[in-house]
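The structure appears right after this line, and notes come after that.
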Amino acid sequence: PFFEERHGRVAVLGDDKWWLNGLVQLQGRILTNNNNVYREPGALAFVWERKGLRVGRAFRTASWLQGTVWEAREGETTGWLVWNYADGLAVRVPLDYGRTTARFWGDLPQVGREKGFPQPVWDHHQLAEEVGKERWLRLYRQSWENPHPGRVVTTLDFVSNKSSPAAPFILAVNLAP
């Protein structure tokens, strides 16, 4: 399967090649009610944001591989990618649950509730005999058209929505000139 292979490699998912060498995982809203123990994290385990990821170029389009650790309400913004331009401009692109991203793994009842959700760019079926519960592992691809393709983007920030339990992650980013 996808994650059992070594890091630092190129993977082809859909029609795109992706350089994979780890991921950036952010925190989701912290458990507020013991009834939610299987729906959101119970402790701070990750950072809320990762700022200053180096870009250093102009580009026309960007696409990224993403997912979330937990579910969220459909349409809820789980986080943002913030593109910081050399001239000080910053553009925030939302990662919306059920529209551009969804939970990384889903059991059959959850997958059945996800009508109208984005199609994963990659999925892997795990049987109950393998992991204790039948489930699907999925990755999602989101694309963005840069409104300022002639301007240099210096850095990228990845920011979690502190009011969402989703805990988003990014696995890779591709830029097209």
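No experiment lies behind these values; they were computed from the predicted model shown.
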(request) State whether the number of non-hydrogen atoms from other residues, nucleotides or ligands found under 6.0 Å of Asp15 atom CG is greater than 12. (result) no
(message) Using modelled atom types and a 3.5 Å cut-off, is there a donor and acceptor pairing between side-chain atoms of Gln142 and backbone atoms of Pro94?
(response) yes
(request) Run the numbers on Glu114 and Arg138 for salt bridge (Lys or Arg N to Asp or Glu O under 4.0 Å), then give the verdict. (result) CA-CA 13 Å; Glu114 295 177 343; Arg138 296 94 47 96; 2.9 Å; yes
(message) Within this structure, what is the CZ-CH2 distance for the pair Arg29 and Trp70, rounded to the nearest 0.5 Å?
(response) 11.5 Å
(request) Take Glu49 and Lys162 through the test salt bridge (Lys or Arg N to Asp or Glu O under 4.0 Å) and record every step on the way to the result. (result) CA-CA 10 Å; Glu49 59 189 16; Lys162 292 183 178 183; over 6 Å; no
(message) Looking at every heavy atom in both Gln110 and Tyr97, which two are closest together, and how far apart are they?
(response) NE2-OH, 3.9 Å
(request) For residues Leu137 and Trp122, determine if any side-chain heavy atom of one lies less than 4.5 Å from a side-chain heavy atom of the other. (result) yes
(message) Measuring only between side-chain heavy atoms, which start at C-beta, is Phe104 closer than 4.5 Å to Pro120?
(response) no
(message) Quick check on the hydrophobic clustering: are Leu65 and Trp105 connected, directly or via other members, by side-chain heavy-atom contacts under 4.5 Å?
(response) yes
(message) Can you give me the closest heavy-atom contact between Ala172 and Trp19, atom names plus distance?
(response) CB-O, 3.7 Å
(request) Could you identify which residues cluster with Leu175, counting Ile, Leu, Val, Met, Phe, Trp and Tyr as linked when any side-chain heavy atoms lie under 4.5 Å apart, either directly or through a chain of such contacts? (result) Val24, Leu26, Val47, Leu53, Val55, Phe59, Trp64, Leu81, Trp83, Tyr85, Leu89, Val91, Val93, Leu95, Trp144, Val153, Leu156, Phe158, Ile170, Val173
(message) Is it the case that over 12 heavy atoms from other parts of the model lie below 6.0 angstrom from the CZ atom of Arg73?
(response) no
(request) Would you check if the distance from the ring center of Phe169 to the ring center of Phe46 is below 6.0 Å? (result) no
(request) Kindly indicate whether the side chain of His125, heavy atoms from C-beta on, has any atom under 4.5 Å from the side chain of Glu134. (result) yes
(request) Examine the side chains of Glu76 and Ser164 and answer whether a donor and an acceptor come within less than 3.5 Å of each other. (result) yes
(request) Verify the neighbour count for atom CZ of Arg57: are there more than 12 heavy atoms of other residues, nucleotides or ligands below 6.0 Å? (result) yes
(request) Would you check, one step at a time, whether the test side chain to side chain donor-acceptor pair (under 3.5 Å) holds for Asn161 with Thr77? (result) CA-CA 7 Å; Asn161 178 356; Thr77 298; 5.5 Å; no
(request) State whether the side chain of Ser160 and the backbone N or O of Gln27 hold a donor-acceptor pair below 3.5 Å, judged by distance alone. (result) yes
(request) Looking only at non-hydrogen atoms, find the nearest pair between Thr78 and Ala166 and report the distance. (result) CG2-CB, 3.4 Å
(message) Is any side-chain heavy atom of Trp136 closer than 4.5 Å to one of Asp107?
(response) no
(request) Report yes or no: does Arg103 contribute a side-chain atom to a donor-acceptor pair with the main-chain N or O of Val69 at less than 3.5 Å? (result) yes
(message) Can you confirm whether Leu139 sits close enough to Leu171 that some side-chain heavy atom of one is under 4.5 Å from a side-chain heavy atom of the other?
(response) yes
(request) Identify, with sequence neighbours excluded, every residue that meets side-chain contact (heavy atoms from CB on, under 4.5 Å) alongside Val12. (result) Lys17
(message) Could you measure the distance from the CZ atom of Arg135 to the CD atom of Gln126? Nearest 0.5 Å is fine.
(response) 4.5 Å
(request) Verify the distance criterion only: is there a donor paired with an acceptor across the side chains of Asp157 and Asn84 at less than 3.5 Å? (result) yes
